[in-house]
There are 2 protein chains.
Amino acid sequence: MSMKSKSTSELKASIHRVEEICKSNKLGLTEIRKQVFEIIVKNNIPIKAYEILDKISNINNKPSHPPTVYRAIDFLIENGFVHKLNSINSFVGCFHPNAHKECYFLICKKCNIYQECCDDSLKDRISKTAIHNNFVISNTTLEIEGHCLDCSQK
Amino acid sequence: MSMKSKSTSELKASIHRVEEICKSNKLGLTEIRKQVFEIIVKNNIPIKAYEILDKISNINNKPSHPPTVYRAIDFLIENGFVHKLNSINSFVGCFHPNAHKECYFLICKKCNIYQECCDDSLKDRISKTAIHNNFVISNTTLEIEGHCLDCSQK
DNA sequence: TAATATATGTTATGTTATAACATTGTAATG
DNA sequence: CATTACAATGTTATAACATAACATATATTA
């Protein structure tokens, strides 16, 4: 699997999917939340909160404030539409929301492209590790940093 | 494996081990670096940089500044004596430095006790996932948050 | 000893995130 | 319809986390 960025149609589909999920679950996908989601998914690399803030301010032609952005992000994360990459304080869109609540990531340090890598065998292995330690998982952060194929060949 | 805190003898051994490694590798384990390491390992839960700062200031009876602490932390992380938990912006001591450069963690959200869980099968699984994606790993963050046995029974 | 490298001190500032409270919009209920 | 309640957003301020830049000190070695 390559780490190329998403196509326009993939982006559209992703946005449409979120709209549908919100509609059917009666989640308030307000204008700001939608704007923030679109900014995040259209960015093909992880984006920072204050970068979103700048973009939102530009779109709406008036300054926005951090809480506005962080609240929207919270909403999007709570509902599985967006993930936070703790290792780089950045946010990425989820391209299969509802498939699972946890996502694992490969993050290229050179080109910053990221890739979800949530295969079941990995999930199982983490689950077994937790069980082995009598531990009940609430959430998992797995972020693998390194170099993607393209960047490691250069 | 329980998540109880380390015994005094384990702490002493841990500190002594670091001293030995530094001596044999000619790493400058200065007074401040040693103080910061001891503060981190003696704390049986993950500790934050500014908590370390307070403790250092108290020990030395004079105010220290953030760069002093962050530099010491950098040194300790570079040499594998300490790890950062990105999901909670906190630091923990490593009780088997040099065994491997990566560590995986279970972190109890209730009592904050943490547990290293670096078994090979998990490491292999992560490694395979990377290979499958043509990805070359430089570093991995795996932090499993949830509840330990004691806290999930209460 | 002079030159160099390593570590620390100090000031300031950059970056990331949230608290607290006011205001607005909207839906539900009497 | 007015009232209440709730959800969302606006706004100001500040908390929490981290580093840049430059000065000073300490140790190493040519």
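Numbered from 1 within each chain, the chains take letters A, B, ... in sequence-line order.
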* May I have the distance from I73(A) (atom CD1) to dT16(C) (atom P), rounded to whole angstrom? => 11 Å
* Asked: Are K26(A) and dA27(C) close enough that a side-chain N or O sits under 4.0 Å from OP1 or OP2?
  -> no
* Validation row: S14(B), K6(B) side chains within 4.5 angstrom (heavy atoms) -> no
* Asked: Do Y50(B) and dA18(D) share a donor-acceptor pair, side chain to base, under 3.5 Å?
  -> yes
* To do: Nearest whole angstrom, please: distance from the P of dT6(C) to the CD of E78(B).
  => 12 Å
* Tell me whether the guanidinium CZ or amine NZ of K123(A) lies under 6.0 angstrom from the six-membered ring centre of Y104(A) and within 45° of its axis. => no
* Has the side chain of N89(B) got a donor or acceptor atom that lies under 3.5 Å from a matching backbone atom of L85(B)? -> no
* Structure fact -> When rounded to whole Å, the CD1 to P distance for the pair I88(A) and dC17(D) reads 19 Å
* **Of F75(A) and N89(A), the one whose closest DNA chain D nucleotide lies more 5'** => F75(A)
* Will you find, in the side chains of E143(A) and N139(B), an N or O donor that is under 3.5 Å from an N or O acceptor? -> no
* For H65(A) and dA19(C), what is the distance between atoms NE2 and C1' respectively, to the nearest whole Å? -> 15 Å
* To do: Choose from dG10(D), dA7(C), dT12(D) the nucleotide whose nearest atom is closest to any side-chain atom of T30(B).
  => dA7(C)
* Asked: Starting at CZ of R71(A) and ending at P of dC6(D), how long is that distance when rounded to a whole Å?
  -> 18 Å
* To do: May I ask you to verify if any side-chain N or O of K48(B) is less than 4.0 angstrom from the OP1 or OP2 atom of dA16(D)?
  => no
* **Candidates dA18(D), dG9(C), dA17(C) - which lies nearest the side chain of I32(B)** => dG9(C)
* Under 4.0 Å: is that the gap between some side-chain N or O of K62(B) and OP1 or OP2 of dT8(C)? -> no
* Asked: Can you check the E31(B) CD to dA7(C) C1' distance for me, whole Å?
  -> 14 Å
* To do: Grab the CD-C1' distance between E51(B) and dA18(D) for me, whole Å please.
  => 15 Å
* Asked: Separation of N86(A) atom CG from dC17(D) atom P, in whole Å?
  -> 13 Å
* Selected nucleotide, minimal atom distance to K84(B) side chain, candidates dA17(C), dT11(D), dA18(D) -> dA18(D)
* Asked: Out of dA7(C), dA18(D), dA17(C), which has the shortest distance to the side chain of R33(B)?
  -> dA7(C)
* Asked: Choosing from dT9(D), dT10(C), dT18(C), which nucleotide comes nearest the side chain of Y70(A)?
  -> dT18(C)
* **N/O (side chain, T68(A)) to phosphate O (OP1/OP2, dG10(D)) under 4.0 Å** => yes
* Asked: Passes side-chain contact (heavy atoms from CB on, under 4.5 Å), I107(A) versus S87(A)? Steps please.
  -> CA-CA 10 Å; I107(A) 310 160; S87(A) 59; 4.1 Å; yes
